[in-house]
Structure formats: structure tokens, C-alpha cells
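Protein chains get the first letters and strands the later ones, always in sequence-line order, with residue 1 at the start of each.
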Amino acid sequence: MPELPEVETVRRGLSPVMQGQRIVSAAVNRPNLRWPFPSGMAARLTGATVTALRRRSKYILADLSTGETLLIHLGMSGRMLVSGAMPGRFHHDHPAPQKHDHVVLDMDGGARITFNDARRFGAMDLMPTETADIHPLLAGLGPEPLGNGFSGDYLSDRLAGKLTPIKSALLDQRIVAGLGNIYVAEALFRAAISPRRLAGNLGSARIARLIPVIRDVLSEAIEAGGSSLRDYRQADGELGYFQHTFRVYDREGQPCPTPDCGAAIVRIVQSGRSTCYCPRCQR
DNA sequence: ATGGGGGCCTGCCGGC
DNA sequence: TGCCGGCAGGCCCCCA
């Protein structure tokens, strides 16, 4: 579910209650999510201090004082709930355990972090920090879309000759890491590029439009998450979901937001995923 | 090599 | 009201 902006929002929400703090206890309530948890995960987490909380693509990486790094992926339905002590906030009691609370971390600052994931497409793993880059889930990832490695030259190179639709190419995490179904749709709309256009057939002008538009869409969503983060923290501590207004995603049949366009947003299916777009504005 | 489809899970929503 | 099919923001794996 969460794409890069949501994961970054979760990371920022966890940072004040995890970074520099020690895990005093770890409860692991089932043997696996998408894959088995690493052996002895609870014991390997207990007593460790979180020295850094990073993000790579849609993964959160918690570096530990033990020399290991905890990898967290939220999958489609993973959520992080923060309860108990939070800096600058009133302390409150922990809520009653919920269905699908799979991993619970208690920090020495008093915060409790609960990983809840109904569909269990999420994942957790532990690895030596120095080998995090070559973890199987991270090794093949393309550049961060907000980083310098994601340029017009790079993208032209990667899309050249590709016969797959640009929509599918942008979902390919080996090409660019962190985009998902929503933000690809939003970026293609803003760049006025049809999701059906073949990736190898974009041309330099469209590629040049796409780069800043992707950055804008993600940056705006992160900002929106940052503001809603405060609300969530006041409300129930739930991280990872925030309401954001989309221009085409999930707006099938509604009018295109472009002034005077008048066309209706259309939904098609590409590689098994739904795509929403304006057939008039996007070419 | 590359692209497309299946599968993993549970929850929710709309239609009958 | 209840049941059922379809769908969901991800990603690995297999097959052609």
C-alpha cells in the first residue's frame, strides 16, 4: 500500500521515538509475514539501540548498536502505531491489542511501536549493517527518484527500446525505486503522458517533463504527510496513511481537473493493475 | 532477456 | 440483512 511518500512519513514519525533509543522488549507474535522472520529476531532486537532510521525506496532501515540493521517493509496494508510516551506530547496508555498486531517494540523512552499488517504482504529482516546494500530486496533497486541519480539522461537510457507501457516501466523498481500505482498515475497526468505510450517511445521532451513532475508529486505528498503526521500523532498515533487529493487516481468517471478539458477520467488495466488517466490531456 | 500474469493474504464495498 | 464477487497503494516467481 504505502509508496515512497507514505514510507517517508512513517520514518519521520518513528524517528523521534526510536532514534537513539533502546529496544527494551520485542514481541514477535507470529513466525512470518510474507517470509519467515529471521531466526531469533526478538532476542536480536532486545537491548539494541537504534542508531539511525533510514529509508531506501519503500523500505525502512533501522541501524542497530548490535551491528545489525532491521529492514521493514509495509507491503500493502502494513501500519505503524505509536503509543505511550512521545516527545512533546502527553503520555497516554497503550491501546488494547488489535487483530494483526504482529510485532511490538517497547522503547526505553516509553513509546510502543506496533506493526499491524492485515494482509501480511509486509516483511521484516535483519542483516549486518555493512551488507544492507546487497540485501536481496535492496540490491536491484534503481535510484531514488528524489536523488541526483534520477536524471533525464538516466531515464532515457533505461527506457530506450522498452516495449512495455511507460506506466509499467515506472512501476518497475529496478528503473526507479519508490513509485507505486498512485504516484505513477499522478505523475503521468501532470506530465501529460499517456500511460499506454510505450516506454521506448517517449522522446526526450516527455522524459524531460517527467523527471521534475515525479519529484514534485512525491515531494508534495511527503509535505502533506508531514502535516497530517501531527494530526495522527494527536489522534491515535497511526502512521502511514494520510488523505491526499489525487487528480486522476481513483477518479474514474469524474471530470478531468484540467480547466476546460471536459473529458472524463478513464480507468484501464495494465499488467493487472488499474490505471486512471485523462485520455484527452495525456498523449 | 523481457514482459505479462498468477499468487500471496485479509478487508471492504457494491450489487443482488 | 446476508452473501459473493471484485478490488485494493506491493512484489516475487514462473512462464512464454
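Of the candidate nucleotides B:dT10, C:dG10, B:dT2, B:dT10 has the atom lying nearest to any side-chain atom of A:Arg120. Listed candidates were C:dG9, B:dG4, C:dG10. Nearest to the side chain of A:His73 is C:dG10. Which of C:dC12, C:dC11, B:dG11 sits closest to the side chain of A:His100 comes down to B:dG11. The side chain of A:Gln173 lies closest to C:dC11 when the candidates are C:dC11, B:dG3, C:dG9. Of the candidates B:dG11, C:dG9, B:dG4, the closest approach to any side-chain atom of A:Ala118 belongs to B:dG11. Across C:dC7, B:dG3, C:dG10, the shortest atom-to-atom separation from the side chain of A:Arg267 is found for C:dC7.
Counting any heavy atom pair closer than 4.0 Å across all strands shown, A:Leu163 reaches sugar-phosphate atoms only and no base atom.
Residue A:Lys58 places at least one side-chain N or O closer than 4.0 Å to OP1 or OP2 of C:dC11. Taking side-chain N and O atoms only, A:Tyr249 has a distance below 4.0 Å to OP1 or OP2 of C:dG9. When the side-chain nitrogen and oxygen atoms of A:Lys99 are compared with OP1 and OP2 of B:dG11, one or more of them lie within a distance under 4.0 Å. The shortest distance between the side-chain N/O atoms of A:Ser274 and the OP1/OP2 oxygens of C:dA8 is below 4.0 Å. One finds no side-chain N or O of A:Ser77 lying less than 4.0 angstrom from the OP1 or OP2 phosphate oxygen of C:dG9.
The backbone N or O of A:Ala264 lies less than 3.5 Å from no partner atom in the side chain of A:Arg280, so there is not a single donor-acceptor pair. Using a distance-only test at 3.5 Å, with no hydrogens or angles considered, a donor-acceptor pair links the side chain of A:Glu3 to the main chain of A:Ile182. Under a 3.5 Å cut-off, the side chain of A:Ser57 and the backbone N or O of A:Gly178 do form a donor-acceptor pair.
The separation between A:Ile222 atom CD1 and C:dG9 atom P is 20 Å, rounded to whole Å. One atom, CZ of A:Arg158, and another, P of B:dA1, lie 14 Å apart when rounded to the nearest Å. Atom CG of A:Asp250 and atom P of B:dG14 are 11 Å apart (whole Å). Distance CZ (A:Arg273) to P (C:dA8): 8 Å, rounded to an integer number of Å. For the pair A:Leu4 CG and C:dG10 P, the interatomic distance rounds to 12 Å; values are reported in whole Å. Here the C1' atom of nucleotide C:dG10 and the CD atom of A:Glu6 are 12 Å apart, to the nearest Å. Put simply, NE2 on A:His102 is 13 Å from C1' on B:dC8, counting in whole angstrom units. In this structure, A:Leu74 places its CG atom 17 Å from C1' of B:dC8, rounding to the nearest Å.
Within the shown strands, nothing qualifies as a pairing partner of B:dC9 under the Watson-Crick or G-U definition with both distances less than 3.5 Å. Base pairing of C:dT1 is not made with any nucleotide, judged by Watson-Crick or G-U wobble geometry with both donor-acceptor distances under 3.5 Å.
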Evaluate the salt bridge (charged side-chain N to carboxylate O under 4.0 Å, His left out) criterion for residues A:Arg12 and A:Glu8: first the C-alpha distance (whole Å), next the side-chain angles of each, then the deciding distance (0.1 Å), finally the verdict.
CA-CA 6 Å; A:Arg12 293 182 185 187; A:Glu8 176 62 18; 2.7 Å; yes

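Of the P atoms belonging to B:dC9 and C:dC3, the separation is 24 Å, rounded to the nearest Å. Comparing C:dC7 with B:dG5, their P atoms sit 14 Å apart, to the nearest whole Å.
Under a hydrophobic-cluster definition in which Ile, Leu, Val, Met, Phe, Trp and Tyr are linked whenever side-chain heavy atoms come within less than 4.5 Å, directly or via other members, A:Ile166 and A:Tyr154 are assigned to the same cluster.
Nearest-nucleotide positions on DNA chain B place A:Arg174 closer to the 5' end than the other of A:Arg119 and A:Arg174.
Annotation for A:Arg158: atom CZ counts as buried by contact number, over 12 foreign heavy atoms lying within 6.0 Å.
By the 5.5 angstrom centroid cut-off and the 30-degree plane limit, A:Phe121 is classified as not stacked against the base of C:dC11.
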